[in-house]
> 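So that we are looking at the same thing, I have put the structure below in structure tokens.
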Amino acid sequence: MSRVFNFSAGPAILPETVLQRAKDEMLDWHGSGMSVMEMSHRGKEFQSIIDQAEADFRELLNIPANYKVLFLQGGGTLQFAMVPINLMGARKKADYIVTGAWSEKAVSEARRFGAVHIAASTKAEKYTHAPSQAELDLSPDAAYVHLCTNETIHGVEFFGVPQTGDIPLVADMSSHLLSRPMDVSQYGLIYAGAQKNVGPVGLTAVIVREDLIGHVLPGMPLMLDYATHAHHGSMYNTPPTYAIYIAGLVFQWLKDLGGLTAMEKINVAKAKVIYDAIDNSGFYVNPVAKPDRSRMNIPFTLPDAALDAEFLAGAKERGIQQIKGHKSVGGMRASIYNAMPMAGCQALADYMTEFARIRG
Ligand SMILES: *Cc1c(COP(=O)(O)O)cnc(C)c1O
């Protein structure tokens, strides 16, 4: 067996120990005689899996008691709609901070349900920084303020939390949830598709303050109402059982590692190796303002796009895969989620340095 260094933006790399454990438990979970995939979600075995997953998730993020954790489906994309459907309320107006492709998509969906005010947009600078508090033009009567705290395509991360007073802050954390400690109490709602940094595709985690539940727009399907899921322990219908089980194993892996403070230290060191390879090269460019550079998704370009194919072929020979950039920005993108080991980052940095020496 030979596993590659997988730099995919998502679905993405998972911790090898988690995959090994899933393999060991594949045919017979804890003496049940069944795979988790074959179990009733109403049985006591699966109930123990989801309860443990929620408890570990709460512990890792220190989630306050007045927040519900929901394990849903539909990806970050369905949350682009569920957020306005549930939170617009009578105000029918929300503020959006636009810092890249994903917050743009959230805006297009929200406009179907109410008025969107763009509180800030960095589009004119090609999405290369996270706006400061002073750059925000917040409405006094918005139902909520939405932002994407890590732009997976443009590689921009918020390290501070915008202050919005009494107006709830809603964050799409799809590509960096669990990469470092987050103060959940600063947000009204946090959501994340699992397949970037949390687990396999099929699961979407939502953390929502209780007072924001129960105000859905009229005429909406029950499945789009947070209250439905909150009142049924995320099991109004059949939940994505296997994805919840794997995410639960990832939570245990993170706890064994020392939690999110320990994970953050590792992620800081990993990102530094790659940003140093870019900045010291005089060859590669990452356009993002240094304080706002994502620790999870690192886009970079070569001096001439004609070199991309050769770079990718050489990378593949070294077991470095899925590093091609998103088509909207071109070049390369290294997604170095929690599960990417330092050895992978070092292998990429070494290869980048060697390639720049030969072609630079
Ligand atoms: C991937 C991604 C999404 C969309 O996720 P889906 O699961 O494909 O719906 C939304 N927001 C961010 C920040 C993402 O990285």
Side-chain angles (χ1 to χ4, degrees), residues 6-14 70-85 94 96-112 116 121-123 127-131 144-159 161-162 169-180 182 187 189-208 223-224 239-240 242-244 246-247 250 267 288 292-299 322-329 333-340:
N6 177 3
F7 289 90
S8 170
I13 187 169
L14 285 162
L70 308 177
F71 292 138
L72 309 182
Q73 302 186 58
T77 305
L78 186 57
Q79 292 312 306
F80 295 162
M82 280 181 79
V83 165
I85 285 171
Y96 276 68
I97 300 170
V98 182
T99 50
W102 289 111
S103 41
E104 252 184 29
K105 277 200 150 177
V107 167
S108 334
E109 191 73 273
R111 285 205 164 114
R112 297 160 57 86
V116 169
S121 170
T122 57
K123 188 170 189 173
Y127 296 134
T128 49
H129 85 280
Y144 61 89
V145 179
H146 180 281
L147 84 167
C148 174
T149 46
N150 187 66
E151 287 281 0
T152 320
I153 292 173
H154 290 87
V156 176
E157 183 165 357
F158 279 80
F159 292 98
V161 183
L169 187 60
V170 174
D172 175 0
M173 295 196 182
S174 290
S175 49
H176 74 160
L177 185 68
L178 300 178
S179 66
R180 56 182 164 94
M182 297 280 185
Y187 299 87
L189 188 150
I190 292 168
Y191 62 90
Q195 74 273 19
K196 275 54 182 260
N197 204 33
V198 173
V201 65
L203 166 66
T204 309
V206 174
I207 304 166
V208 53
M223 280 292 284
L224 299 189
Y242 199 76
I244 291 168
I246 297 286
V250 172
N267 285 332
V288 178
D292 307 328
R293 282 172 156 187
S294 170
R295 290 180 192 149
M296 296 280 104
N297 308 97
I298 308 182
Q322 309 215 64
I323 191 120
K324 194 175 192 316
H326 191 270
K327 58 184 183 307
S328 62
V329 291
R333 172 174 47 170
S335 295
I336 52 168
Y337 298 121
N338 287 349
M340 172 60 68

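Each ligand, and each atom within it, is numbered from 1 in the order the structure gives. One-based numbering along the sequence shown.
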> Looking only at protein heavy atoms, which one is nearest to atom 5 (O) of ligand 1, and what is the separation?
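For atom 5 (O) of ligand 1, the nearest protein heavy atom comes out as G76 N, 3.6 Å.
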
> Does ligand 1 have a heavy atom under 4.0 Å from the side chain of L78, from its backbone, from both, or from neither?
neither

> What atoms of ligand 1 come within less than 4.0 Å of a heavy atom belonging to C148?
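By the 4.0 Å cutoff, the relevant atoms are 13 (C).
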
> Has V201 got any heavy atom lying under 4.0 angstrom from an atom of ligand 1?
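No; V201 lies far enough from ligand 1 that no heavy-atom distance drops under 4.0 Å.
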
> Could you see which bit of Q195 sits under 4.0 Å from ligand 1, with heavy atoms only: side chain, backbone, both or neither?
side chain

> Over all heavy atoms of both residues, which pair between K196 and A9 is shortest? Give the atoms and the distance, please.
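Looks like CG-O, 3.3 Å.
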
> Would you say the side chains of H176 and T149 form a donor-acceptor pair under 3.5 Å?
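A pair is found: one side chain offers a donor N or O, the other an acceptor, under 3.5 Å apart.
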
> Angle class for the Y96/Y144 ring planes (parallel below 30°, perpendicular above 60°, tilted otherwise)?
perpendicular

> If you compare all heavy atoms of L203 against all heavy atoms of A243, which two are closest, and at what distance to 0.1 Å?
CB-CB, 3.8 Å

> Going by the atom numbers of ligand 1, which of them fall below 4.0 Å from some non-hydrogen atom of T152?
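Within the 4.0 Å cut-off of T152, ligand 1 contributes 12 (C), 13 (C), 14 (C), 15 (O).
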
> Looking only at heavy atoms, what is the nearest atom pair of V98 and E104, with distance?
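Where V98 meets E104 most closely, the heavy atoms are CG1-CG, 4.0 Å.
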
> Checking side chain to side chain contact (heavy atoms under 4.5 Å, CB included) against V208, which of V170, V83, L189 comes through?
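By the side chain to side chain contact (heavy atoms under 4.5 Å, CB included) criterion, V208 pairs with just one of V170, V83, L189: L189.
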
> Would G193 count as a contact residue for ligand 1, given that I'm defining contact as a non-hydrogen atom of the residue lying under 4.0 Å from a ligand atom?
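Checking ligand 1 against G193, which is what was asked, there is no heavy-atom contact under 4.0 Å.
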
> Should Q79 be listed as contacting ligand 1, given a heavy-atom distance under 4.0 Å as the test?
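Judged by the 4.0 Å heavy-atom criterion, Q79 does not count as contacting ligand 1.
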
> Counting both backbone and side chain atoms, is some N or O of T77 under 3.5 Å from an N or O of ligand 1?
yes

> Give the atom numbers and elements of ligand 1 that come within less than 4.0 Å of a heavy atom of N150.
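What qualifies from ligand 1 is 13 (C).
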
> Among all the protein's non-hydrogen atoms, which is closest to atom 11 (N) of ligand 1, and how far away is it?
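Nearest protein contact, heavy atoms only, for atom 11 (N) of ligand 1 is D172 OD2, 2.6 Å.
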
> With heavy atoms under 4.0 Å as the rule, classify the contact between K196 and ligand 1 as side chain, backbone, both or neither.
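Looking at K196 and ligand 1, just side chain atoms fall under 4.0 Å.
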
> Between W102 and C148, which heavy-atom pair has the shortest distance, and what is it?
CB-SG, 4.2 Å

> Below 4.0 Å from ligand 1: does a non-hydrogen atom of G10 turn up there or not?
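Judged by the 4.0 Å heavy-atom criterion, G10 does not count as contacting ligand 1.
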
> Run through K105, R112, R111 and flag the one making a salt bridge (charged side-chain N to carboxylate O under 4.0 Å, His left out) with E109.
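The option that passes is R112.
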
> May I ask you to identify the nearest protein heavy atom to atom 4 (C) of ligand 1, giving residue, atom name and distance to one decimal place in Å?
W102 CZ3, 3.4 Å

> Side chains of N297 and Y337: donor-acceptor distance under 3.5 Å anywhere?
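A donor-acceptor contact under 3.5 Å links the two side chains.
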
